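The structure appears right after this line, and notes come after that.
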Amino acid sequence: MPELPEVETIRRGLDNQIAGLRIKSVQVKKARLVKGSVKKFIAVLTGNVFLKFNRRGKLLIAALKSGQFLLIHLKMTGQLIYQHGRQLIAGGHSFVGMDWRLPNRHTHIIFSFRNGSRLFFNDLRQFGYMKIVSKIELEKELKKFGIEPLTAGFSLKNFVEIFANKKTSAKALLMNQKFIAGLGNIYADEVCFYAKVKPSRRVPSLTEGEIKKLYQGCRVILAKAVKARGTTFSDYVDADGRQGGFIKFLKVYGRKGEKCRRCRRGVIVKIKQGGRGTHFCPQCQQ
DNA sequence: AAGTAGACTTGTTTCC
DNA sequence: CCTTAACAAGTCTACT
C-alpha cells in the first residue's frame, strides 16, 4: 500500500515520536522479515538509539547512533505502529476488521523502549523487511533509486531526459523506481489521468506537452497527497493516529464504473496492465 | 540492455 | 449461501 506520500507521512510520525529513543530490546518473531542474520540484527539494535528517520522513494532509513542504519520497507502490507501507554500511533497498511490489540498475529518484530513504549512491525503478506546496513552499504542501496520527486533535483529537464529512448509504457516508466522514486500503482494512475494520457501509451508516442503534463502531475499530486497525509483505504491511520485524507481526491483509482469527474462523459474503466489493476477514463485520456 | 512475466504470501472479494 | 478462483497499493529474479 504505502507509496511515497504514505511513507513520508510515516517517516514524519516516527521522526517526531521515536527519534532520540534508546532501544531496550528487540523481539523477532518471524525471521523472514529480517534480511541477513537475525542474531546480528538483534545484537546491533539492542541498546542502540534511533537518531533520525529519512526516506528515499518508498524506503525508510533510520540512522542509528552506532553509525549503522536500519532500512525498513513496508512493501504492500507493512505497518509500523507505535504504542505509548494507551496511545496508538500507527502508519501503513490497514484493513477492515484488523486486530488493533498488539501484538497481533501479523506482528513480526517488536522494539521496546525504556519508557515502556513499543514499536510494532506488522505485515500481513510478509513481503516487507528490515535490514541493518553500514554507511557504505547504504550508499550502494541508494544508488538503485532514480530522481526523488518533491526535491529541487526533480526538474522538467531531468524528467524529459528520463523519457528519452524508452520503449515501455507511460505507467511502467512512472512506476520504475530506477528512474523516478516513490510512485506506485495508485499515484501512477492518478498522474496519467492528470496528464490525459492513457497508462498504456508507449513512451515514444508521447508529445512534449504530454511529458510536461506528466511532470506537473507528479509534482501536484504527490505534494497534495503528502499534505493530505496519504491515501486511506478502510481504517488505515497515519503516524499521528489520523486518517490519510487523499482518498477523496482520487480521480480514477478505485472508481471503476463511475462517471469521469473531469469530462463527465466517460466511465472509468479498470484493466490489467503489467499484472496491475489500471484505471483510466477512455474519453479524456488519449 | 531493456522490458516484462512470474514469484513471493495471506487474507478478502467477487463471481458463479 | 457456500466454494473457489481471482485479486491486492511492491520489488526482485529470471527469461526473452
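Excluded from the calculations below are hydrogen atoms, water molecules and symmetry mates; all remaining heavy atoms, backbone and side chain alike, are included. Note that the structure is predicted; figures quoted are calculated from it, not measured. Below, chains carry the letters A, B, ... as their sequence lines are ordered, and counting in each starts from 1.
- Residues in residues 17-51 of chain A take part in these ring pair (Phe, Tyr, Trp, His ring centres under 6.0 Å) pairs, two or more places apart or across chains: A:Phe50-A:Phe53, A:Phe50-A:Phe111.
- Contact annotation: A:Tyr187 side-chain N/O to C:dA9 OP1/OP2 distance is not under 4.0 Å.
- For residues 254-286 of chain A, the pairs satisfying ring pair (Phe, Tyr, Trp, His ring centres under 6.0 Å) are A:Tyr253-A:His279, with sequence neighbours left out.
- Crowding of A:Lys196 atom NZ: a count of heavy atoms from other residues, nucleotides or ligands under 6.0 Å not exceeding 12.
- The cluster map of Ile, Leu, Val, Met, Phe, Trp and Tyr, joined by side-chain heavy atoms under 4.5 Å apart, puts A:Ile110 and A:Leu102 in the same cluster.
- In this structure, A:Val252 shares a hydrophobic cluster with A:Phe193, A:Ile268, the cluster being traced through Ile, Leu, Val, Met, Phe, Trp and Tyr side chains under 4.5 angstrom apart.
- One interatomic measurement links the two molecules: CE of A:Met76 to C1' of B:dT10, which rounds to 11 Å at whole-angstrom precision.
- Considering only side-chain atoms of A:Ile186, the nucleotide from B:dG11, C:dG10, C:dA9 that sits closest is C:dA9.
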Discussion item. Protein within reach of the bases, or only the backbone? For nucleotides 2-9 of chain B, mark each nucleotide 5' to 3' as B, S or -, using heavy atoms under 4.0 Å.
Written reply: -SS---BB
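- Across the P atoms, B:dA5 and C:dC7 are found 15 Å apart, a figure rounded to whole Å.
- Taking the P atom of each, B:dC15 and C:dA8 are spaced 12 Å apart, rounded to whole Å.
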Item to complete: Return one dot-bracket line describing DNA chain B 5' to 3' (Watson-Crick or G-U wobble pairs, both distances under 3.5 Å; ( ) same strand, [ ] crossing, | another strand, . none).
Response: .|||||||.||||...
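- A:Lys272 comes within contact range of the sugar-phosphate backbone alone, with a heavy-atom separation under 4.0 Å but no base atom that close.
- Taking atom NZ of residue A:Lys35 and atom C1' of nucleotide C:dT11, one finds them 9 Å apart after rounding to whole Å.
- As rounded to the nearest Å, C:dT11 and B:dT12 have P atoms that lie 24 Å from one another.
- Within 4.0 Å (heavy atoms only), A:Gly128 reaches no atom of the nucleic acid at all.
- Rounded to whole Å, atom P of C:dG10 lies 10 Å from atom CG of A:Leu183.
- Not counting sequence neighbours, A:Asn176 has no partner by the side-chain hydrogen bond (donor to acceptor under 3.5 Å, both in side chains) test.
- The side chain of A:His73 places an N or O atom within less than 4.0 Å of a non-bridging phosphate oxygen (OP1 or OP2) of C:dT11.
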